[in-house]
2 protein chains.
Amino acid sequence: MKGKITLKQIAKELDVSISTVSKALSDSKEISEETKQKIKAFAELYNYRPNNIALSLQNRKTKTIGILIPEIVHHFFSTVISGIELVANKRGYNVIVGLSNESFTKEIINMEMLANGSIDGFILSISKETLLKQDYHHFTATINQGIPIVMFDRVVAEVACDKVIVDDLNGSVKAVQKLVDTGCRNIAIITTMDYVSVGRLRTQGYIKALEDNKITPNPNLILKLDDSLDLENHLELLENEIRKFFDLNPGIDGVFAVNELYAITAMKVAQKMGFHIPEDIQVIGFTDGVLSKHATPTLTTVSQHGKRIGEQAANLLIDRLQNEDDSYEQYLVSSKPKTDYIKLVIETEIIERDSTK
Amino acid sequence: MKGKITLKQIAKELDVSISTVSKALSDSKEISEETKQKIKAFAELYNYRPNNIALSLQNRKTKTIGILIPEIVHHFFSTVISGIELVANKRGYNVIVGLSNESFTKEIINMEMLANGSIDGFILSISKETLLKQDYHHFTATINQGIPIVMFDRVVAEVACDKVIVDDLNGSVKAVQKLVDTGCRNIAIITTMDYVSVGRLRTQGYIKALEDNKITPNPNLILKLDDSLDLENHLELLENEIRKFFDLNPGIDGVFAVNELYAITAMKVAQKMGFHIPEDIQVIGFTDGVLSKHATPTLTTVSQHGKRIGEQAANLLIDRLQNEDDSYEQYLVSSKPKTDYIKLVIETEIIERDSTK
DNA sequence: ATTATTAGCGAAAACGTTTTCGTGTTGAAA
DNA sequence: TTTCAACACGAAAACGTTTTCGCTAATAAT
């Protein structure tokens, strides 16, 4: 019972040809009922399963998608993976994950490693370093190689491919609007540097919402944090920044933070300073993770539906992969098919908890 | 520039044989310097990379390991993955993940899918349903097929394979000891049903620590929660259970919870009941995740070093895979090599924060 | 009785590699 | 001049499939 049995072995044992075995198992009508029975029984007995690698080589497709994300110990990203895995499995695909660790080089290495036949397509979110460098040649290169890419969340206009994004702008507008509606006039935003597109967009949404309500945005109320400082592991730094910010701007009555960490830290700092939440200051965060649910008070957030993002991205990719199949001959003959790429925008939703009125 | 170039194409273009190209690229001395130069230059120009699938078929090994875990949106499991990925990549392996969703059937399906040639070995943590059923035939079957398995965290004695586990018992002892040392006499434990081995072991550690200190364990102070209730998404249920527990046992001055969720919920409930932490009640949790760091007060925990677990598991697996290679001929000739499996115990560490004195 | 079909099966190519084993050519040794 | 090694390369097998094409024998049609 060691090792998997192959067609060749079955053929030898039963004294037929390999082709006969293959056909019998796929129930081809070229083979007599009698022979089929015999072969099937034997295969069953020895638990024959076709070798995936051989199939992949033959079909020149692996039925697996490569996921490439900055990190995996992260609620949003792991949620997206779970969504991808769900539909991938349902549609007969496997999932292989690579981690860039926010590094440009690791991103490239991982892509090249997987692009050499291991996967049929990529679903990825761009690393911060790549975003900073604005060097996207590895993406376009693999697309030119014929490997489709679907980007999610951290996407970039320079690369022509399918994309699934959160409606960052609208989500932020909604969040800030809620603050306005519940009486806030001095609304601050705690955000990231502009090169992270989601930070930029959420800031824009913040400004738009204010302007929609005839409130002039006050630059002093915009706190841009440099997250290259690894604030995650230096909470004191983060708290200090926010405390200084609060000290400098005494009138703040509402805070919109572009991620969970900033939001709950803001709450903590405010509470330490003697403010009550939501009575004195209301807080809304972007990204609905574990922290929001368990903070005190529980945090009102803009949920980005990570699972749905993953599902949609997977569907987009697999659709494209299967389309490629169908139109392969046409593709060879006709002029390059006008590939128009899809950009899916996943709506956000405000989850109301106790940090707002 | 569409599609990857193959040896065959290079051979044709340069009017040499496929073998010559292959040898030239691997710098064989069978080939003249001149020809090598030419071929290498051409290959470089067209960015030739050997096709992984073809290599896998040839070598009958894929250089990828399959990870099979119950869920991925989970701090501990994703941390383990990050550890696996780290050493896997360093040692030239890729990582393909499957999610069992705590389901027996999905676990089997996933295993079979991957076992047909897609991976060289498994690293896995057993699903709850499987643990309940106590049906482990799929594990032994794949091991008998010649595919090595390394189990971590949720392991089981019935399956002979390498294992990496947390020192649950000792970790719990340490935690409870700390509570005792800081003055607690009425120490409660909030744990899971016994079929989850980690729950059972941690409970044992709790009892042992008490006995070590000549404190008679009080059955009333042991709260076993049935987590099939999906308490994660029904926090009220969880809170109610804990509140009832506190009400029934007024004297509690220390709580040891076997996971983060139970711990912070216990804190929350206690605080709502007017207790102060750590003055009135001290709390320690098992598993160091995001919640612990950000709870109020921050939670003292027993850290299980998930990343290290992943790293060790990956090393164990890859070591075994490479050993297989070396001793293959010997294996064929000699009697079955005495496989003695390794069980690594990763020590825990108490991370002191503000929920204890 | 001859031809045309059809049923049932096998040979071989193909996917992209690596590697073993020739084989022909060259230059040097005898 | 003959012999032999070294050199430089190619043919072919193998990994495990699927699939196209042929082939043989039996049956049906003429």
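In what follows, every heavy atom counts, from backbone to side chain, and hydrogens, waters and symmetry copies are set aside. Below, chains carry the letters A, B, ... as their sequence lines are ordered, and counting in each starts from 1. Remember, it's a predicted structure, so these values are computed and weren't measured experimentally.
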Trainee: Kindly say whether B:Ile119 contributes a backbone atom to a donor-acceptor pair with the side chain of B:Thr64 at under 3.5 angstrom?
Mentor: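 Between the backbone of B:Ile119 and the side chain of B:Thr64 there is no qualifying donor-acceptor contact (under 3.5 Å).
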Trainee: At their closest point, which heavy atom of A:Pro148 faces which heavy atom of A:Arg320, and how far apart are they?
Mentor: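 Where A:Pro148 meets A:Arg320 most closely, the heavy atoms are CB-CD, 4.0 Å.
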Trainee: Filter on side chain to side chain donor-acceptor pair (under 3.5 Å), then keep only pairs touching residues 147-161 of chain B, sequence neighbours left out; what's left?
Mentor: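 For residues 147-161 of chain B: B:Glu102-B:Arg154.
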Trainee: Using the salt bridge (Lys or Arg N to Asp or Glu O under 4.0 Å) rule, collect all pairs that involve residues 103-127 of chain A, keeping only residues at least two apart or in two chains.
Mentor: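 Sorted result for residues 103-127 of chain A: A:Lys106-B:Glu85.
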Trainee: Bend across the helix from C:dA1-D:dT30 to C:dA30-D:dT1, to 10°, with axes taken over 5 pairs at each end?
Mentor: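 Axis angle across the helix from C:dA1-D:dT30 to C:dA30-D:dT1, nearest 10°: 80°.
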Trainee: Who passes side-chain hydrogen bond (donor to acceptor under 3.5 Å, both in side chains) against B:Asn52, sequence neighbours left out?
Mentor: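 For B:Asn52 the side-chain hydrogen bond (donor to acceptor under 3.5 Å, both in side chains) partners, ignoring immediate neighbours, are A:Ser118.
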Trainee: Under the salt bridge (Lys or Arg N to Asp or Glu O under 4.0 Å) definition, can you give me all pairs with a residue in residues 46-61 of chain B, not counting sequence neighbours?
Mentor: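 Every salt bridge (Lys or Arg N to Asp or Glu O under 4.0 Å) pair that includes a residue of residues 46-61 of chain B, provided the two are not neighbours, is B:Lys61-B:Asp325.
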Trainee: Could you work out, with ring pair (Phe, Tyr, Trp, His ring centres under 6.0 Å) as the rule, every residue matching A:Tyr48, not counting sequence neighbours?
Mentor: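 Checked A:Tyr48 against ring pair (Phe, Tyr, Trp, His ring centres under 6.0 Å); zero matches.
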Trainee: Please check if the side chain of B:Lys163 supplies one atom and the backbone of B:Val156 the other of a donor-acceptor pair under 3.5 Å.
Mentor: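 Yes; at least one donor-acceptor contact below 3.5 Å.
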Trainee: Can you sort out which residues in residues 35-43 of chain A have a heavy atom within less than 4.0 Å of DNA chain C? Ascending by number, please.
Mentor: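 A:Thr35, in order of number.
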Trainee: Do the rings of A:His74 and A:Phe77 sit parallel, tilted or perpendicular, given the 30° and 60° boundaries?
Mentor: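 A:His74 and A:Phe77: tilted rings.
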Trainee: Select base, sugar-phosphate, or nothing to describe what B:Ser22 touches, counting heavy atoms under 4.0 Å on all strands.
Mentor: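 Touches a base.
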Trainee: For B:Lys133, which residues count as a salt bridge (charged side-chain N to carboxylate O under 4.0 Å, His left out) partner, sequence neighbours excluded?
Mentor: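 By the salt bridge (charged side-chain N to carboxylate O under 4.0 Å, His left out) rule, B:Lys133 matches B:Glu129.
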Trainee: Find the distance B:Leu7:CG to D:dG10:C1' and express it as a whole number of Å.
Mentor: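 B:Leu7 atom CG is separated from D:dG10 atom C1' by 14 Å.
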Trainee: Do A:Lys40 and A:Asp27 pass the side-chain contact (heavy atoms from CB on, under 4.5 Å) test, and can you show the C-alpha distance, the side-chain angles, and the key distance before you say yes or no?
Mentor: CA-CA 9 Å; A:Lys40 283 181 180 174; A:Asp27 215 25; 2.8 Å; yes
Trainee: Roughly, in whole Å, what's the span from CD in B:Glu33 to P in D:dA8?
Mentor: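 To the nearest whole Å, that distance equals 9 Å.
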Trainee: Heavy atom of residues 52-63 of chain A under 4.0 Å from DNA chain D: which residues?
Mentor: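 Under 4.0 Å from DNA chain D: A:Ala54, A:Leu55, A:Gln58.
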Trainee: Taking A:Ser22 for its side chain and A:Ser19 for its backbone only, find out whether a donor-acceptor pair lies under 3.5 Å.
Mentor: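 A pair under 3.5 Å: no.
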Trainee: What range of DNA chain C does chain A touch, first nucleotide to last, counting atoms under 4.0 Å from its heavy atoms?
Mentor: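 Contacts span C:dG8 to C:dG16, reading 5' to 3'.
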Trainee: In terms of heavy-atom contacts, does OH of B:Tyr46 have more than 12 from other residues, nucleotides or ligands at under 6.0 Å?
Mentor: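 Open.
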Trainee: To check you understand the geometry: which heavy-atom pair defines the closest contact between B:Ser100 and B:Pro70, and what is its length?
Mentor: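 Shortest heavy-atom contact: OG-CA, 3.2 Å.
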Trainee: Provide the closest heavy-atom pair for A:Ile39 versus A:Ala24 in the form atom of the first, atom of the second, distance.
Mentor: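 Heavy atoms of A:Ile39 and A:Ala24 come nearest at CD1-CB, 3.6 Å.
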Trainee: Locate the shortest heavy-atom distance separating A:Ser78 from A:Ile72; write the atom from each residue and the value.
Mentor: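 Nearest heavy atoms, A:Ser78 then A:Ile72: CB-O, 3.9 Å.
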Trainee: Using only atom types and a distance under 3.5 Å, with no angle test, would you say the side chain of B:Asn116 pairs donor to acceptor with the backbone of A:Pro50?
Mentor: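 Pair absent, no side-chain N/O of B:Asn116 close to backbone of A:Pro50.
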Trainee: Are there any protein N/O atoms within less than 3.5 Å of an N/O atom in nucleotides 20-28 of chain D, and if so, which ones and at what distance?
Mentor:
unit_1	atom_1	unit_2	atom_2	d
D:dT20	O4	A:Lys23	NZ	3.3

Trainee: With a 4.0 Å heavy-atom cut-off, tell me which residues in residues 111-119 of chain B come close to DNA chain C, sorted by residue number.
Mentor: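 Per residue number, the list is empty: none.
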Trainee: Search all heavy atoms of A:Val87 against all heavy atoms of A:Ala314 and return the closest pair with its distance.
Mentor: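 Minimum heavy-atom contact is CG2-CB, 3.2 Å.
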